[in-house]
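Written out below as structure tokens is the structure these notes cover.
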Amino acid sequence: MQRLPLVSAVSLGLFAGAATTAVLADTSPLEQQLKDLEEFQVIAHRGASGHAPESTMAAYELAHEWGVDYLELDAQLSSDGEVVVFHDDTIDRTSDGEGAINDYTLEELKALDTGTWFNEANPDSASDDFAGAEMLTLDELFEHFGHDARYYIETKSPQLNPGLEEALVEKLEEHDMIESGRVLVQSFEQDSLLKVQALNADVPLIQLVWYYPSEAEDSKLVEWTGVTPGPAEITDEDFQAVADYAVGIGTNYIYDGREVIDADFIQQAQENGLPVHVYTINETEEMERLMDMGVNGLFTDYPDRLLELVE
């Protein structure tokens with residue numbers, strides 16, 4: 001994948017990455033997107049969230065200017081059914097409010113300051129421009145970047161956001177993000193992904209998994225939702241069961257200092273048609289190690305670090 005140096009990309013206003021990959025003759029944009037997943041993907045986790053307040057326009061603009069392949073975000077619902085871009089179930093950590101996000105109307109959420117917390121937590125990266133940042137709606141993000149970006153969207157806490165999948169698919173269709181090859185939908189909840197698939201079978205899906213040692217089973221690795229066995233027990237059939245509905249798998253790499261996946265896991269997933277994206281990798285040494293292991297992409301809060309390696 002050919003990329004411009006970071007400084008050139010910003011100063012010239014040019015954008016590299018799969019979002020601007022030329023569509024091959026006789027290949028639809030959606031087919032091209034799936035083909036691009038075979039190459040390495042730089043995924044900006046909640047935007048360039050190591051440099052700007054997560055899930056804000058400032059974080060997404062910075063990541064986009066640097067030429068990432070995907071802008072990653074979490075979709076939730078306000079109490080009046082609007083799709084908003086926000087990670088936590090509560091607004092306490094990254095705003096000046098408190099309580100559950102879906103207890104608030106969009107108008108109330110828009111009144112929150114979702115930027116000042118970052119300045120207080122990261123004085124070396126603080127900017128006056130971050131103060132007062134508004135929570136984004138999915139419409140606003142799509143209208144701002146349009147089809148010049150690709151989006152990696154998680155259905156966040158679907159059990160707390162009934163109707164999220166229907167609202168999300170409606171937005172994807174309204175902005176022509178599916179057939180144009182602009183979006184991936186990810187979730188830890190298999191049922192949520194299957195609901196999206198039932199609403200529109202063309203939406204490319206990514207099954208998220210989280211492996212950790214089970215205290216009840218003598219530290220044997222298990223998967224959080226049980227969607228697969230642990231990495232030591234996973235079989236081709238298990239990967240194929242995921243590949244029946246998903247185009248890739250997103251996984252953690254380390255739990256409490258212990259590596260939970262290795263090169264064999266990555267290769268086996270790929271041999272069963274599942275590109276592997278690993279979250280959330282911020283240290284250059286780990287980025288290099290995972291790239292050497294053959295992963296197909298990394299989620300990171302510091303896309304500039306990862307882009308330097310990809311260069």
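Numbering of residues begins at 1 and proceeds along the displayed sequence.
- In this structure, CG in Leu73 is found 6.0 Å from CG in Leu141, a value given to the nearest 0.5 Å.
- Listed for the Gln41 side chain is a donor-acceptor partner under 3.5 Å among the backbone atoms of Glu39.
- Two residues are said to be in side-chain contact when any heavy atoms from C-beta on lie closer than 4.5 Å; Tyr279 and Gln186 fail this criterion.
- For the residue pair Asp80 and Ser78, a side-chain donor N or O sits within less than 3.5 Å of a side-chain acceptor on the partner.
- The backbone N or O of Val276 sits less than 3.5 Å from a side-chain atom of Asn296, completing a donor-acceptor pair.
- More than 12 heavy atoms of other residues, nucleotides or ligands sit less than 6.0 Å from atom CG of Asp202.
- Linking ILVMFWY residues whenever their side-chain heavy atoms come closer than 4.5 Å, directly or via other members, leaves Met135 and Leu164 in distinct clusters.
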| What do the steps show when you test Ile281 against Tyr302 for side chain to side chain contact (heavy atoms under 4.5 Å, CB included), and what is the final call? | CA-CA 8 Å; Ile281 308 301; Tyr302 296 91; over 6 Å; no
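- In terms of modelled atom types and a separation under 3.5 Å, the side chain of Tyr60 and the main chain of Glu72 share a donor-acceptor contact.
- Thr300 contributes atom OG1, which lies 7.5 Å from atom CG of Leu298 (distance to the nearest 0.5 angstrom).
- Between Ser187 and Glu154 the shortest heavy-atom distance is CA-CG, 4.4 Å.
- Between Phe130 and Phe118, the ring planes lie perpendicular to each other; the angle is over 60°, past the 30° to 60° tilted range.
- One side chain, Gln268 or Asp236, offers a donor N or O that lies under 3.5 Å from an acceptor on the other.
- Here the side chain of Asn161 pairs no donor or acceptor atom with the backbone of Gln76 at under 3.5 angstrom.
- Counting heavy atoms from C-beta outward, Thr56 and Leu136 have side chains that stay 4.5 Å or more apart.
- Around atom CD of Glu143, more than 12 heavy atoms belonging to other residues, nucleotides or ligands sit under 6.0 Å away.
- Under a hydrophobic-cluster definition in which Ile, Leu, Val, Met, Phe, Trp and Tyr are linked whenever side-chain heavy atoms come within less than 4.5 Å, directly or via other members, Trp117 and Ile101 are assigned to different clusters.
- A distance-only check finds a donor-acceptor pair linking the side chain of His147 to the backbone of Asp176 [under 3.5 Å].
- The structure places CD of Glu165 at 13.5 Å from CG of Asn200, a figure rounded to the nearest 0.5 Å.
- Under the 3.5 Å distance criterion, with hydrogens and angles disregarded, a donor-acceptor pair is assigned to the side chains of His175 and Asp139.
- Distance check, rounded to the nearest 0.5 Å: CG of Asn252 to CD1 of Ile261 gives 7.5 Å.
- Residues forming a salt bridge (charged side-chain N to carboxylate O under 4.0 Å, His left out) with Lys220 (at least two apart in sequence, or on another chain): Glu217.
- Thr251 is linked by a side-chain hydrogen bond (donor to acceptor under 3.5 Å, both in side chains) to nothing, counting only residues two or more places apart in sequence or in another chain.
- Side chain of Gln207 to main chain of Phe188: a donor-acceptor pair is present (N/O by atom type, distance under 3.5 Å, no hydrogens or angles).
- Taken together through direct or relayed side-chain contacts under 4.5 Å among Ile, Leu, Val, Met, Phe, Trp and Tyr, Met177 and Val169 form part of one hydrophobic cluster.
- Between Arg46 and Asp301, the closest side-chain pair of non-hydrogen atoms is not below 4.5 Å.
- Between Val222 and Tyr212, the closest side-chain pair of non-hydrogen atoms falls below 4.5 Å.
- For Glu259, the side-chain hydrogen bond (donor to acceptor under 3.5 Å, both in side chains) partners two or more places apart in sequence, or in a different chain, are Tyr253, Arg289.
- Partners of Phe265 under the ring-ring contact (aromatic ring centres under 6.0 Å, His included) rule, at least two apart in sequence or in another chain, are Tyr211, Phe239.
- Within a 6.0 Å sphere centred on CD of Glu166, heavy atoms belonging to other residues, nucleotides or ligands number more than 12.
- Between Tyr151 and Phe142, the angle of the ring planes goes over 60°, which puts this pair in the perpendicular group of the 30/60° scheme.
- Among Thr225, Ile234, Ile249, the one residue that satisfies the side-chain contact (heavy atoms from CB on, under 4.5 Å) test with Val209 is Ile249.
- Inter-residue side-chain proximity for Glu54 and Thr94 is flagged as met; some heavy-atom pair is nearer than 4.5 Å.
- Using modelled atom types and a 3.5 Å distance limit, the side chains of Asp103 and Ser79 yield no donor-acceptor pair.
- No single ILVMFWY cluster, assembled from side-chain heavy atoms under 4.5 Å apart, contains both Leu30 and Leu168.
- Test Leu193, Val185, Leu184 against Ile206 for side-chain contact (heavy atoms from CB on, under 4.5 Å) and you get one pass: Leu184.
- Within 6.0 Å of CD in Gln159 there are more than 12 heavy atoms belonging to other residues, nucleotides or ligands.
- The CG atom of Leu199 sits 11.0 Å away from the CG atom of Leu194 when rounded to the nearest 0.5 Å.
- With hydrogens and angles ignored, the 3.5 Å screen pairs a side-chain donor or acceptor of His64 with a backbone N or O of Asp148.
- A donor-acceptor pair under 3.5 Å links the side-chain atoms of Glu31 to the main chain of Ser28, judged by distance alone.
- Judged as a side-chain hydrogen bond (donor to acceptor under 3.5 Å, both in side chains), and not counting sequence neighbours, Glu179 has no contacts.
- Side-chain contact between Tyr255 and Trp210: present, with at least one pair of heavy atoms (C-beta onward) separated by less than 4.5 Å.
- Considering every non-hydrogen atom in both Asp238 and Pro229, the closest pair reads OD2-CG, 3.2 Å.
- Considering all non-hydrogen atoms of both residues, Leu106 and Glu82 come closest at CD2-CG, 3.6 Å.
- To the nearest 0.5 Å, atom CG of residue Asp124 and atom CG of residue Asn119 are 11.5 Å apart.
- Side chain of Arg305 to backbone of Glu283: no donor-acceptor contact under 3.5 angstrom is found.
- Of all heavy-atom pairs spanning Pro29 and Ser180, the tightest one is CB-O, 3.4 Å.
- Residues Thr284 and Glu308 have side chains not in contact (no heavy-atom distance under 4.5 Å, counting atoms from C-beta outward).
- Taking the six-membered ring for Trp, Tyr152 and His277 have ring centres closer than 6.0 Å.
- Shortest non-hydrogen contact noted between Thr228 and Glu223 is O-CB, 3.3 Å.
- By the salt bridge (charged side-chain N to carboxylate O under 4.0 Å, His left out) test, Asp113 pairs with no residue at all, sequence neighbours left out.
- A side-chain donor-acceptor contact under 3.5 Å links Thr114 to the backbone of Ala133.
- Phe86 places a side-chain heavy atom less than 4.5 Å from the side chain of Ile91.
- When the side chains of ILVMFWY residues are joined at heavy-atom separations under 4.5 Å, either directly or via intervening members, Val83 and Leu109 end up in two distinct hydrophobic clusters.
- Taking every heavy atom of both residues into account, Pro275 and Val247 meet most closely at CD-O, 2.9 Å.
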Q) Do Met57 and Phe145 pass the side chain to side chain contact (heavy atoms under 4.5 Å, CB included) test, and can you show the C-alpha distance, the side-chain angles, and the key distance before you say yes or no? A) CA-CA 10 Å; Met57 192 64 80; Phe145 295 108; 3.9 Å; yes
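- A salt bridge is defined here as a Lys NZ or Arg NE, NH1 or NH2 lying under 4.0 Å from an Asp or Glu carboxylate O, and Arg150 with Asp69 fails to meet this definition.
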